[in-house]
2 protein chains.
Amino acid sequence: MERLKIQNNSVTLVDQVEDKLLSYFREKDLRKGDAIPNEMELTVSLGVSRSVVREALSRLKMMGIVETRTRRGMILSEPSLLGGMKRVVDPRILSEDTLFDILGFRIVLEIGICSEIFRKITPADIDSLEEIVNVGIMYENNEYAPFSEFAFHAKLYKITGNKTIAEFQNIIHPVMTFVKDKFQEFLAPINIQLKEEGRIVTHQDLLQYLKDGDEDGYRKALEEHFEVYRIFVNRKNEYNAAMKNGKDND
Amino acid sequence: MERLKIQNNSVTLVDQVEDKLLSYFREKDLRKGDAIPNEMELTVSLGVSRSVVREALSRLKMMGIVETRTRRGMILSEPSLLGGMKRVVDPRILSEDTLFDILGFRIVLEIGICSEIFRKITPADIDSLEEIVNVGIMYENNEYAPFSEFAFHAKLYKITGNKTIAEFQNIIHPVMTFVKDKFQEFLAPINIQLKEEGRIVTHQDLLQYLKDGDEDGYRKALEEHFEVYRIFVNRKNEYNAAMKNGKDND
DNA sequence: AAATATTATTTGTCTGACAAATTAAATAAC
DNA sequence: GTTATTTAATTTGTCAGACAAATAATATTT
């Protein structure tokens with residue numbers, strides 16, 4: 001009874017309850033592991049039906065904010081910062097703009113961790129990287145076997161000791177392979193061009209800078225290592241603009 | 001009828017349906033704006049009850065993957081990469097470790113965009129930053145009025161032109177203010193110490209490097225600007241370790 | 001032919017029910 | 001009296017059916 005009719009503008013009861021639950025957790029200063037009221041209690045105290053409460057809870061469960069053990073009730077758990085991203089990062093449902101943003105994000109991140117790497121890298125890390133580089137066959141023109149490509153950069157992120165950054169790298173990795181695959185025709189000529197100009201920076205080159213402890217050299221080399229993507233994004237944007245002008249209505 | 005009893009290990013029907021829906025969208029190669037079957041059709045074709053379908057859909061709605069207009073049915077929409085993060089980034093429910101990871105993430109990001117900034121910055125951007133710096137009163141010891149602090153760094157992210165990075169900055173901003181607030185007692189003495197050593201880098205200093213086009217100088221200054229947080233995290237970790245040894249059972 | 005009224009469809013919400021699991025309590029066995 | 005077994009109670013997970021509200025599609029009236 002007393003059905004709320006506030007849902008004028010697509011703000012549903014479920015949305016409201018989701019908010020209210022989060023506010024409630026904050027208000028009560030509940031921490032990880034603390035129990036929260038069961039569904040019936042929430043139903044009563046929020047004045048909505050169980051299905052609405054369940055839908056809202058379902059969302060929070062997906063995000064890893066609440067956890068439920070049958071019969072023992074529900075508890076708060078610590079959500080993974082990036083957990084929600086996992087489901088969304090499907091290159092097929094992301095727009096080209098966002099894909100390129102992610103590409104840029106990744107490059108920025110890897111350049112940003114330079115100083116952190118040089119601060120924390122150990123001889124064991126160097127050995128580990130060396131091994132990865134050795135088993136990694138470079139196919140041709142700046143393209144590595146997918147595994148070694150991933151392993152090399154993943155190792156770099158790991159050296160920082162920042163789990164969130166490492167996890168982020170894991171999540172956006174599918175985007176990288178998707179872009180490489182889908183835009184092969186754009187990337188290949190750029191790599192050839194860079195090769196002709198002698199501007200290809202290999203993993204081996206990067207490793208050498210790490211061995212030498214040459215941070216500035218490493219950073220510059222890394223920028224060059226990613227140059228192919230910078231050129232690609234610029235070229236693709238020009239290409240898209242040209243296509244748009246060509247057939248104006250699409 | 002024929003209730004699936006596969007939910008042995010806390011994998012509920014809703015979880016399965018959520019997965020199936022995402023697979024279905026991929027399989028059918030549905031894009032942004034495409035219509036998806038209505039609830040009853042999904043109910044029938046998935047062989048589950050409407051409530052299960054609704055809970056799964058509710059999750060996808062929250063993530064911005066599907067959108068619903070009453071009566072017109074549901075359509076696929078492009079999710080924001082970071083949309084899911086917004087709900088999770090409540091400093092109160094994140095562990096200290098994750099908070100520090102985010103702190104590190106932010107620093108890495110801001111250092112990583114250096115070269116991008118110098119590549120794209122315009123005289124208008126300089127003017128804009130100058131204005132922000134001028135209205136920004138530095139309280140004392142490396143601490144700015146919250147607004148100018150945010151505005152200055154937000155502007156830097158904006159210059160990159162990468163919307164995803166800018167959005168990310170927006171989302172983690174609450175974490176920054178929370179950390180500053182909560183760990184005031186740890187941060188204050190560090191800032192005082194840095195000041196005595198003449199190592200405080202102000203926004204004004206950073207701006208000068210931008211004006212001069214001195215990228216390396218800017219990067220080094222920025223690292224110094226964030227030094228307080230590096231020292232803080234190290235010191236806090238030592239403190240926590242000491243506390244843990246002090247009273248072993250907690 | 002245009003404006004209005006009706007109908008049908010679809011999401012949002014409510015209510016009530018049962019299953020499964022598991023903890024808590026009660027009973028039986030030693 | 002203590003331990004093992006059985007029973008009961010609780011809570012989440014799922015199903016089923018109903019109605020409201022909004023709106024697109026259709027039919028009706030002017």
Side-chain angles (χ1 to χ4, degrees), chain A residues 1-21 24-25 30 33-77 79, chain B residues 1-21 24-25 30 33-77 79:
Chain A
M1 40 211 70
E2 192 195 321
R3 297 190 183 180
L4 303 180
K5 295 184 182 176
I6 319 173
Q7 71 268 35
N8 307 328
N9 227 352
S10 72
V11 175
T12 67
L13 267 180
V14 176
D15 294 328
Q16 295 173 44
V17 168
E18 184 199 333
D19 267 356
K20 280 186 184 174
L21 287 175
Y24 172 82
F25 299 154
L30 296 182
D34 290 344
I36 65 175
N38 67 38
E39 292 178 358
M40 279 314 294
E41 290 174 304
L42 291 174
T43 295
V44 172
S45 73
L46 290 169
V48 295
S49 75
R50 194 178 158 213
S51 40
V52 169
V53 170
R54 276 192 62 81
E55 277 191 33
L57 284 171
S58 188
R59 293 177 172 184
L60 301 186
K61 284 173 201 165
M62 177 185 64
M63 300 295 298
I65 296 174
V66 313
E67 202 175 304
T68 140
R69 276 234 185 289
T70 328
R71 156 65 197 165
R72 200 161 67 196
M74 293 174 287
I75 59 173
L76 268 188
S77 70
Chain B
M1 42 208 72
E2 192 194 320
R3 297 192 183 178
L4 304 179
K5 294 183 181 177
I6 319 172
Q7 70 268 36
N8 307 328
N9 228 351
S10 72
V11 176
T12 68
L13 267 180
V14 176
D15 294 327
Q16 295 173 44
V17 168
E18 184 198 333
D19 267 357
K20 281 185 182 173
L21 287 175
Y24 172 83
F25 300 155
L30 297 181
D34 290 344
I36 65 176
N38 66 37
E39 291 177 359
M40 279 313 293
E41 291 174 302
L42 291 173
T43 296
V44 173
S45 73
L46 289 170
V48 295
S49 75
R50 193 177 159 217
S51 38
V52 168
V53 171
R54 277 191 63 81
E55 278 191 31
L57 284 171
S58 188
R59 293 177 173 185
L60 301 186
K61 285 174 202 167
M62 177 185 64
M63 301 295 298
I65 296 174
V66 314
E67 203 175 303
T68 141
R69 275 237 184 287
T70 329
R71 156 64 197 164
R72 199 161 66 198
M74 293 174 286
I75 58 172
L76 268 188
S77 70

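Proteins come first, then strands; the chains are lettered A, B, ... in the order of their sequence lines, and each starts at number 1. Since the structure is predicted, the reported quantities are computational estimates derived from the model, not experimental observations. Heavy atoms only: backbone and side chains are in, while hydrogens, waters and symmetry mates are out.
- The A/Val52 side chain lies nearest to C/dC14 when the options are C/dC14, C/dG12, D/dC15.
- Following rounding to the nearest Å, B/Leu46 (CG) and D/dC15 (C1') show an atom-to-atom distance of 15 Å.
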I'd like a table of atom pairs between the protein and nucleotides 8-11 of chain D - only N or O on both sides, under 3.5 Å - with the distance next to each one.
| unit_1 | atom_1 | unit_2 | atom_2 | d |
| --- | --- | --- | --- | --- |
| D/dT10 | O4' | A/Arg71 | NH1 | 3.0 |
| D/dT10 | O3' | A/Arg71 | NH1 | 3.2 |

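- Within 4.0 Å (heavy atoms only), B/Thr68 reaches sugar-phosphate atoms of the nucleic acid but no base atom.
- The base of C/dG16 lies outside donor-acceptor range of the side chain of A/Arg50, with no N or O pair under 3.5 Å.
- Residues passing the side-chain contact (heavy atoms from CB on, under 4.5 Å) test with A/Asn38, sequence neighbours excluded: A/Met40, A/Glu41.
- Between the P atom of C/dA17 and the CE atom of A/Met40 lies a distance of 12 Å, rounded to the nearest Å.
- The separation between A/Arg54 atom CZ and D/dC15 atom C1' is 11 Å, rounded to whole Å.
- Here the P atom of nucleotide C/dT11 and the CD atom of B/Glu67 are 14 Å apart, to the nearest Å.
- Using a 4.5 Å cut-off on side-chain heavy atoms (C-beta onward), B/Leu42 and B/Arg54 make no contact.
- Taking the nucleotide of DNA chain C with the nearest heavy atom to each of A/Ser49 and B/Ile36, the more 5' of the two is matched to B/Ile36.
- By the side-chain contact (heavy atoms from CB on, under 4.5 Å) test, A/Ser45 pairs with no residue at all, sequence neighbours left out.
- Rounding to whole angstrom units, CD1 of residue A/Ile75 and C1' of C/dT23 are separated by 16 Å.
- Taking atom NZ of A/Lys61 as the reference point, atom C1' of D/dT12 lies 7 Å away to the nearest angstrom.
- The shortest side-chain heavy-atom distance between A/Glu55 and A/Thr12 does not fall under the 4.5 Å cut-off.
- Rounded to whole Å, atom C1' of C/dG12 lies 14 Å from atom CD of B/Glu55.
- In this structure, B/Tyr24 and B/Leu46 have side chains that are not in contact, with every pair of non-hydrogen atoms separated by 4.5 Å or more.
- No side-chain donor-acceptor contact under 3.5 Å links B/Thr43 and B/Arg50.
- You'll find the side chain of B/Gln16 reaches within 4.5 Å of the side chain of B/Leu13, heavy atoms only.
- Computed from coordinates, the A/Leu13 CG to C/dC14 P distance equals 5 Å when rounded to whole Å.
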